[in-house]
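The chains referred to below are lettered A, B, ... by the order of the sequence lines, with proteins before strands, and numbering in each begins at 1.
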Amino acid sequence: MARKILCVAEKPAIARAVATHLSGGSFQTHAIRGNQYVKNYEFDFNFGGAWGNCSVTMTSVVGHLTGLDFDRQYRGWMSCPPGMLFEAPVQETVDQDKLPIADNIRNQAKYAKALFIWTDCDREGEHIGSEVRNQAKAGNARIEVKRAKFSNTESAHVRRAALEPVNLDEYQANAVAARIELDLRIGAAFTRLQTLQLQTVVAALKEKVISYGSCQFPTLGFVVDRYLRVKNFKPETFWGIKVILNREGKKVNFLWRRVHLFDRAVVTMMLERCLTAKQAKVTKVNQKPTSKWRPLPLTTVDLQMMGSRFLRLDSQTIMKVAEGLYTKGFISYPRTETDQFDKAIDLKKLIEKQYPDNAWGQYARELIDGKFRTPRSGRHNDKAHPPIHPVSWVSPNQLNSNEKKVYEFVVRRFLACCSEDAKGKSTEIEIQYGEEFFHANGLIVLERNYLDVYVYDKWESSQQLPNFELGESFEPTEANIFEGKTTAPNYLTEPELIGLMDANGIGTDATMAEHIAKIKEREYVATNQRGSGRTSVQELIPTRLGVALVEGYDNVVTGLPNSVSLSKPFLRKEMELRMLEICSGTKTRQEVVQQSLDMYREVFIHTQRRINMLKDACRKYLVESATS
DNA sequence: GCAAGGTC
C-alpha cells in the first residue's frame, strides 16, 4: 500500500488550493465532524526522492489551534493581586472551538508516515506549525515532521515546495511563544490593576473595563500626542517678501528663499534694501529633465493608508474586502510587508490577464507591446509573501462596490509598478534682489506614463515661465510684504496613525486596524468627520479618559531613571528586538521572557506605588466633565 | 471582565 502523508495548512482556502495543484484537480473532499470550514482532501501525489508516490490527506487548521491562559485558580479578577500574574502558572490548551480540528489531525496522523506542515511562511505560521506538530505527535509519536516552504499558491511554486520540504524553524516558533506569554501576563496584570483601581475613582468608570495592551496603549499614545499638539498650539504671525514680474504677458511669482520670518521690522528693512537696489539680477537658470517615480509594489500598510485616503474605506473594511478578493482567487495574499517582486514571478503573464478590462485593458496591452518596465524594488521583504497584485481578472459586475474599489486599486497600482516613470521638464529661476534671493519654479509634464493608469497620483504642469537669461537684470513689477499666521496641525487621521504604528513596530499588518478599533471600543478615542463631501476625512480625537490615562502614566514615570511611559512605543519596540534575537539564536525564549518581564515589572511597581497620579488624572478629566 | 496573533 502506498505511504500516506498528512498535509496541514493554516487555513481552509490554502488547503484547497494546494490540494488542487498537487492533485492536478482531481481529489476527494470529506467534511469533518464539528467544523464547517475545515475539509480533508484526498488524492495521490509523487513526492519523489525517498517518499515516492504517496496517498495524501490535505487538511487545515483555522489559524492558531491553542491559546495560553492562567491556571484556573488565577482567572478570577479577585483571585490574586494583579502583580502575581507576572509569575502565575500558565497553561496552553486547545481552544474549545478548535477541538474538532485538533481531533481530526490526531486521527489522520495515526495512519500517516509523515506530516507536512503548510502554514504561512512567517513567524506566526511557524508557531502554528508547532501547534499542528504537537497534535500530530499526540496521535502518532513516530510521525516524521517536515515543512513545505511556499510564498504563493501558484501551481509550479506549490509543487516545488512539496518536493523540497525543510524543517520547522524552532527559533521562530519560540519567539512567538515568548510574545504570547508576555502579552498575556503584561496585558492581564495592568488591565486588572488599572481597572480595579480606577473604577472606584469616578462614577463614569464604574463597570468599565480599562484595558491595557502593549499595542493598544502606544496606539492611544499617538492619538493623544497629536491632540495635545493641536490643543497647545499658539498661532504666530509671520511676514515675508514677494516679488512679481510681468513679462511676455505672464505674471511670474518669485518666492523668498527665507520663506518667512517672525519679525516684521526685520522683514521691512530687508524689503527696503531690495527696493533701494531697484534691479534684480538672474543668478540661476536651471532647466533639467525631471520625473515623478512610479509607486513601489504594494504592501498591506500601503494598501491601508492609500485606501483610507483614496477609497474612503477604513482600514478594517479594506482588509476584510481584500481578504475576500484573495479567497476568491482575484488578488494575491493581502497581508505582506514585501515591496519587491521576486525575479521568478512572471509579471507579463499577470498583466496579460487584465486585457479584457474595459477601463485598463488597453493600458495593459500597451505595456506588453513595449512599455513594460521592471518594477522598482523597495527595501522590505518578509520572505513569505509577494507584494499585493492581481492574480486573475474579474468582471466588475461580479463584485460589490467596495470590492470593485479595492480590486481596481490593486490592479491600477500593479500596472503602475510595471510602467515607466512620468517624465517632465522643470525650470528654476533664481534672482538676487538687494541682498535677498528669490526663486520661481515651472514644470511641464512631457510624458504621463504610469499616471495614465494610476489615477490616484496627481502631477500637473504649472504655468510656463517666460524666458530668462543668466546674468540679466530687470526691475520687478511689484515687491511687497505679505502677512500670514502659522496654522495648527490637524488631528490624527487613520492613515497617519497606521503609518506611525508601522514605523514604530506596533502590531502587525494584519492587526493594526484591530488595535485602532479596540481603542475606540474602550472609549479611549472617538472619531470625528472633518470637512464634507469628497475631501472629508475621519479624524481621531482622544476622549477625556484617553487623555487621563496617557497623562497619568506619563506622570507615573516622570523623574524616574530608565522608566519609559507605557503610552510610548519604546517598550514594545524592545520586545520586538528581543524576539528577533530569539529568531537568530542569540537568546533563548526563557531569557527573553524573564528580561522583558523584569522590565515591565519595574513599571508595574512604580504604577502601584504612584497609583494616585493615575487616579488624579482621571479625577481631573472625568469629574470636571460631569459639570461642564 | 484582561493581551495580541492567527482566521471564518
Distance, rounded to the nearest Å, where A/M512 contributes CE and B/dA3 contributes P:
19 Å

Under 4.0 Å, counting only non-hydrogen atoms across every strand here, what does A/K320 touch: a base, just sugar-phosphate, or nothing?
nothing

What's A/Y333 touching, base or sugar-phosphate or nothing? Going by heavy atoms closer than 4.0 Å.
sugar-phosphate

Side-chain contact check for A/S214: nearest option of B/dG5, B/dC2, B/dA4 is B/dA4

Ignoring the backbone of A/F70, work out which of B/dA3, B/dG5, B/dC2 is nearest its side chain.
B/dC2

Short side-chain N/O contact from A/S211 to OP1 or OP2 of B/dA3, under 4.0 Å:
yes

Phosphate oxygens OP1/OP2 of B/dA3: is one of them under 4.0 Å from a side-chain N or O of A/R522?
yes

side-chain contact (heavy atoms from CB on, under 4.5 Å) involving A/C618 - partner list, sequence neighbours excluded
A/L198, A/L205, A/A548, A/L622

In whole Å, I'd like the distance from the NE2 atom of A/H64 to the C1' atom of B/dA4.
9 Å

Distance below 4.0 Å between A/T191 side-chain N/O and B/dG1 OP1 or OP2:
no

DNA chain B: A/Y74 or A/E514, which has the more 5' nearest nucleotide?
A/Y74

SB check A/K568 A/D225 (cutoff 4.0 Å):
no

Mind checking A/A189 for me? I need base, sugar-phosphate or nothing, with any heavy atom below 4.0 Å counting as a touch.
nothing

Is A/L68 touching bases, backbone alone, or none of the nucleic acid, heavy atoms closer than 4.0 Å?
base

Remember a base hit wins even if backbone is also touched, and classify A/R179 as base, sugar-phosphate or nothing at under 4.0 Å, heavy atoms.
base

Measure from the side-chain N and O atoms of A/Q340 to the backbone N and O of A/G378, and report whether any donor-acceptor pair falls under 3.5 Å.
yes

Return yes if some donor-acceptor pair links the side-chain N/O of A/R572 with the main-chain N/O of A/S214 below 3.5 Å, else return no.
no

Need one value for A/T195: base, sugar-phosphate or nothing, where a base atom within 4.0 Å counts as base even if backbone is also close, heavy atoms only.
base

What contact category does A/F190 fall into here, base, sugar-phosphate, or nothing, at under 4.0 angstrom with non-hydrogen atoms?
nothing

Any donor and acceptor pair, going by atom type alone, linking the side chain of A/S60 with main-chain N or O of A/V38 inside 3.5 Å?
no

N/O donor-acceptor pair under 3.5 Å between A/R185 side chain and A/A88 backbone:
yes

Short side-chain to backbone donor-acceptor contact, A/D339 and A/H380, under 3.5 Å:
yes

Using a 4.0 Å heavy-atom cut-off, does A/G125 contact any base of the nucleic acid, only the sugar-phosphate backbone, or nothing at all?
nothing

Residue whose nearest DNA chain B nucleotide is more 5′ - A/L65 or A/M78:
A/M78

Remember a base hit wins even if backbone is also touched, and classify A/G63 as base, sugar-phosphate or nothing at under 4.0 Å, heavy atoms.
base

Out of A/E514, A/K320, A/Q304, A/E494, which residue meets the side-chain hydrogen bond (donor to acceptor under 3.5 Å, both in side chains) rule with A/S315?
A/E494

Counting any heavy atom closer than 4.0 Å, what does A/D97 reach on the DNA or RNA strands: base, sugar-phosphate only, or nothing?
nothing

When all nucleic acid strands are considered with a 4.0 Å heavy-atom cut-off, which category describes A/H515: base, sugar-phosphate, or nothing?
sugar-phosphate

Against A/Q108, only a single residue in A/L115, A/V8, A/T57, A/N140 fulfils side chain to side chain contact (heavy atoms under 4.5 Å, CB included); can you say which?
A/T57

Interatomic distance, A/H385 NE2 vs B/dG6 C1' [rounded to whole Å]:
11 Å

Does a nitrogen or oxygen in the side chain of A/T511 sit under 4.0 Å from OP1 or OP2 of B/dG5?
yes

Could you give the CD-to-C1' distance, from A/Q194 to B/dC2, as a whole number of Å?
10 Å

Base, sugar-phosphate or nothing for A/Q216? Non-hydrogen atoms, less than 4.0 Å.
sugar-phosphate

Without decimals, in angstroms, what is the distance between A/K518 NZ and B/dG1 C1'?
11 Å

Within residues 8-20 of chain A, those residues having any heavy atom closer than 4.0 Å to DNA chain B are A/E10, A/K11, A/P12

